2 protein chains.
Amino acid sequence: MPIPGETLQRQDIHNSQVPVVCRACEARHRGICGTLTPEQLTLLSRHASRQTFSPDQELIASGTSAHRHGAILSGVVKLTKLLGDGRQQIVGLQFAPDFLGRPFKRQSEVGAQAATDVKVCSFPKSTIEDLIRRSPDLEHRLHEQTLKELDEARDWMLTLGRKSASEKVASFLYLIATHIDPERADPTARFELPLKRADIADFLGLTIETVSRQLTKLRKAGIVEIENNRSVVVPDLERLRQAGASG
Amino acid sequence: MPIPGETLQRQDIHNSQVPVVCRACEARHRGICGTLTPEQLTLLSRHASRQTFSPDQELIASGTSAHRHGAILSGVVKLTKLLGDGRQQIVGLQFAPDFLGRPFKRQSEVGAQAATDVKVCSFPKSTIEDLIRRSPDLEHRLHEQTLKELDEARDWMLTLGRKSASEKVASFLYLIATHIDPERADPTARFELPLKRADIADFLGLTIETVSRQLTKLRKAGIVEIENNRSVVVPDLERLRQAGASG
DNA sequence: CGTCAGCTTGAAGGTGCTCAATAACCGTGG
DNA sequence: CCACGGTTATTGAGCACCTTCAAGCTGACG
């Protein structure tokens, strides 16, 4: 259960310097915003704006100089790489309240598209970079996220390089199950798939057809239940984890 | 052309505070050491020691609490991940003067083994972490390296997920050619492969046999020349790059 | 009710794997 | 110097898995 907004807001009530837009923000105390001082928040919010994107809409065009960075407020973002002939690979998924953008570099080498409906709070690259230079805490926070993303990328390299199709699909479902609803103690999970089949295929380095076949195989094995193509129930998370090959 | 040692050393001659062991070090002005003040270098060097490793020797056992970090002085290090049943994937290659170790985390989730003969300068995890906390510059440098590694990991995910076997092998050769001898203007390259076939296979998510077959295919196509299994000549780097599929 | 996007299912084919034999390389010691 | 064993790499034949191509299905929305 998410913490009711009340407790979060009470903290800020005592600090009138916190910008109005931030006070009610879902991400106010998470992600990068959590480390900022009221003055820094003010500076940032002055240049910040909210945007929404619908599935498959581009947040950053690959190869384009992205002049804005941001934080995901809700939804799932896919990071993609393209080959000359159209082959595509999803190289990362990002969830709220992740930071979006690659600091200290002109060109982004990955594209970013909304996978689901997405809300972001974005600000100019230069604003956040200035802030980073002046706030070691913020850089540390971003460094931590980068390290986390690197760990995840390497986990996925193992999946891409060495797992079979059915292990890949199971690993994917397990990944989503553990990311959508971060804290859950019970062995069962229930969620909506944030990706359509084509995206899953691009994430796993497979074709749509193979993904589909492996899903029905997992369904027939009783490891997952799927309804309306998107709603998933996992009766036993541990069993799903094992289907993804024990690392 | 590398800068002659003379100019490098002259800087230190005027600064007698720089530790003796560091003065003649190949990595003194590169990698993380480059940002450190003489005092910081002294602190670090007091706890530092040099080690050498031969091929396949473990620098860090996966899952083990690595209590030392370090810098690569020479050689190539492979970062590996293992699946329960023995399947292996190399998730990164590191060259001098890269930093070795994952800060701010108890457990390393990857193993590190020497690919070639390797020299490292290592120090206790806690020493460098203290230093990081006190030196924003150092954290920035490490953050930059982490970002670089993340970019590389994602590049490789595209290779693992979407390229054919022959494209994979070509991509690998191109990667090595451009990393072994970083600055080279001419279109031709000549180098020793730092990895044996089994390692290449683990890096590419293939089998030894497939790697071998694709290498002879590239050889017969005149894209590379190979002698003694390890010495490679690439007459036209651009052609090799294209054989790896234009991204 | 028709259309369109997304998903599933089937049959055929190819790429890369498995298993197995041969060949090249390298250090050691006769 | 060559013979030798061990490690590393190449090559071949058959097969499995995943892809390709093609058809049908489902649900949302006009």
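Model, not experiment: these values are computed from the prediction. Throughout, protein chains are lettered first and strands after them, A, B, ... in sequence-line order, and every chain is numbered starting at 1.
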Task: salt bridge (Lys or Arg N to Asp or Glu O under 4.0 Å) between A:D236 and A:R241, worked out - done: CA-CA 9 Å; A:D236 184 354; A:R241 200 186 62 77; over 6 Å; no
Open item on the list: Could you walk me through whether B:K78 and B:D202 satisfy the salt bridge (Lys or Arg N to Asp or Glu O under 4.0 Å) test, starting with their C-alpha distance in whole Å, then the side-chain angles of each, then the deciding distance to 0.1 Å, before giving a yes or no?
Closed with: CA-CA 10 Å; B:K78 49 182 178 170; B:D202 282 344; over 6 Å; no
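With rounding to the nearest 0.5 angstrom, the NZ atom of A:K81 is 14.5 Å from the CZ atom of B:R162. Here the OG-CD distance, from B:S74 to B:E26, works out to 6.5 Å after rounding to the nearest 0.5 Å.
Residues from residues 191-207 of chain A placing a heavy atom under 4.0 Å of any atom in DNA chain D, listed by number, are A:G205, A:L206, A:T207.
Rounded to an integer number of Å, the gap from CG of A:N228 to P of C:dC7 is 12 Å. Distance CG (A:L218) to P (C:dT8): 12 Å, rounded to an integer number of Å. Summarising the geometry, the separation between CG on B:L215 and C1' on C:dG16 is reported as 15 Å, rounded to the nearest angstrom. Rounded to whole angstrom, the span from the CD1 atom of A:I208 across to the P atom of C:dT9 amounts to 15 Å. Computed from coordinates, the A:R219 CZ to C:dT9 P distance equals 6 Å when rounded to whole Å. The nearest whole Å value for the distance from the CD atom in A:E167 to the C1' atom in D:dC18 is 14 Å. We find that NZ of A:K217 is positioned 15 Å from P of C:dG10, with the value rounded to whole Å.
For C:dT15, neither phosphate oxygen OP1 nor OP2 lies less than 4.0 angstrom from any side-chain nitrogen or oxygen of B:T210. Between B:T216 and the phosphate of D:dT11, there is a side-chain N or O to OP1/OP2 separation shorter than 4.0 Å.
Closest to the A:Q214 side chain, of the nucleotides C:dT8, D:dC18, C:dG16, is D:dC18.
Taking the nucleotide of DNA chain D with the nearest heavy atom to each of A:E209 and A:A165, the more 5' of the two is matched to A:A165. DNA chain C is contacted by both A:R162 and A:K220; A:K220 maps to the nucleotide lying nearer its 5′ end (nearest heavy atom per residue).
The aromatic rings of A:F172 and A:F203 sit perpendicular, their planes meeting at an angle over 60°, well past the 30° parallel limit. Note on ring orientation: taking the six-membered ring where Trp is involved, the planes of A:H69 and A:F99 are perpendicular (angle over 60°, cut-offs 30° and 60°).
Looking at A:R230, its side chain has no donor and acceptor atom pair within 3.5 Å of the base of C:dG6. Contact of B:R213 with C:dT18 (side chain to base): a donor-acceptor pair of N or O atoms is detected under 3.5 Å.
When the shell of 6.0 Å around CZ of B:R190 is examined, it contains 12 or fewer heavy atoms from other residues, nucleotides or ligands.
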